[in-house]
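Any value given below was found using the heavy atoms of this structure, including those in side chains, with hydrogens, waters and symmetry copies removed. A quick note: this is a predicted structure, and the numbers were derived from the prediction, not measured.
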Amino acid sequence: MSMLYYIPAVIGIVFIIVGAYHGWKLRALTRHCTAATTGKLLGFEEKQMKSGNLYYPVVEFTVDHQTYQSKYKIGNTEWQSVAGDAVDVRYNPANPDEIYLYHEQNIWQQYASPFFIIVGGFIFILAYYYVL
């Protein structure tokens, strides 16, 4: 058997690993960021990617008379909020620089992306090896 025969399996496994990693990171973030406050969206840090730009919100909030500025670790191509908006923030009490902004979404909305990446990996493998 040629080495090329295994390439779809490797690609599918990479999709599964990436989806599981993103799901695990999201779970860790939601578990650590338990304290709620309201912050102000200062703007976005832009990161240029080959597929387009990602925007990372920068939020300012105050906890116990100390002000923090924190960049959200999850970027997106567009956001519904604009600079100056008040945003609900969940932060990690042990590390206030770690924030979470999507806590108002349903659990299925939060995990849809990792789930579909994992399912896509399985479909990729199954479509190649069971259709041939």
Side-chain angles (χ1 to χ4, degrees):
M1 229 176 268
S2 167
M3 184 88 158
L4 295 176
Y5 178 78
Y6 297 103
I7 289 176
V10 171
I11 292 171
I13 290 169
V14 167
F15 275 113
I16 293 166
I17 290 170
V18 167
Y21 174 76
H22 283 288
W24 175 75
K25 290 294 282 183
L26 178 63
R27 175 70 179 127
L29 189 63
T30 59
R31 235 175 349 140
H32 294 143
C33 298
T34 56
T37 190
T38 301
K40 178 182 176 183
L41 180 62
L42 298 178
F44 298 91
E45 267 191 33
E46 182 178 354
K47 183 176 181 183
Q48 293 182 348
M49 310 290 284
K50 288 182 181 180
S51 60
N53 295 341
L54 288 180
Y55 300 94
Y56 296 84
V58 178
V59 178
E60 180 178 79
F61 59 98
T62 302
V63 177
D64 295 330
H65 307 293
Q66 185 170 355
T67 301
Y68 296 93
Q69 284 187 9
S70 183
K71 180 179 87 170
Y72 193 40
K73 291 182 171 61
I74 300 173
N76 204 341
T77 56
E78 59 183 65
W79 294 87
Q80 294 179 359
S81 301
V82 295
D85 283 355
V87 291
D88 292 328
V89 177
R90 299 256 183 206
Y91 66 93
N92 181 347
N95 179 13
D97 287 329
E98 186 177 25
I99 61 172
Y100 180 64
L101 298 177
Y102 278 124
H103 59 275
E104 69 275 354
Q105 286 184 330
N106 293 326
I107 196 77
W108 69 268
Q109 290 173 312
Q110 295 175 21
Y111 289 99
S113 179
F115 174 77
F116 285 118
I117 293 171
I118 292 169
V119 168
F122 281 115
I123 290 172
F124 193 85
I125 293 170
L126 293 175
Y128 184 79
Y129 291 107
Y130 291 104
V131 173
L132 294 179

Between [X] and [Y], is there a shared hydrophobic cluster once you connect ILVMFWY residues whose side-chain heavy atoms come closer than 4.5 Å?
| X | Y | answer |
| --- | --- | --- |
| L126 | I17 | yes |
| I11 | Y6 | no |
| V63 | L101 | yes |
| V10 | Y130 | no |

Just verifying a value: how many Å separate [X] [atom1] and [Y] [atom2], rounded to the nearest 0.5 Å?
| X | Y | atom1 | atom2 | result |
| --- | --- | --- | --- | --- |
| I74 | H22 | CD1 | NE2 | 9.5 Å |
| F122 | I13 | CZ | CD1 | 9.0 Å |
| K47 | N53 | NZ | CG | 11.5 Å |
| K73 | Y56 | NZ | OH | 11.5 Å |

Using side-chain heavy atoms (C-beta onward) and a distance below 4.5 Å, is [X] in contact with [Y]?
| X | Y | answer |
| --- | --- | --- |
| F61 | I99 | yes |
| L41 | V58 | no |
| L29 | H32 | no |
| V59 | L42 | no |
| C33 | Y91 | no |
| L54 | T77 | yes |
| S70 | D97 | yes |

Next item on the list: Classify the angle between the aromatic ring planes of W79 and Y72 as parallel (below 30°), tilted (30 to 60°) or perpendicular (above 60°).
Entry: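 W79 and Y72: perpendicular rings.
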Margin query: Tell me whether N92 contacts the main-chain N or O of A94 through its side chain, where contact means a donor paired with an acceptor under 3.5 Å.
Written below: yes
Notebook entry, point to check: Can any side-chain N or O of Y129 pair as donor or acceptor with the backbone N or O of A9 at less than 3.5 Å?
Noted result: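 Present.
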Next item on the list: Please lay out, stage by stage, how V89 and T38 fare under the test side-chain contact (heavy atoms from CB on, under 4.5 Å).
Entry: CA-CA 6 Å; V89 177; T38 301; over 6 Å; no
Might you point out which heavy atoms bring [X] and [Y] nearest each other, and give the distance in Å?
| X | Y | answer |
| --- | --- | --- |
| A35 | P93 | CB-CG, 3.9 Å |
| G121 | I16 | CA-CG1, 4.0 Å |
| V87 | S81 | CG1-OG, 4.0 Å |

Checklist line | CD (E46) with more than 12 external heavy atoms under 6.0 Å | finding: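 Counting other residues, nucleotides and ligands, CD of E46 exceeds 12 neighbours.
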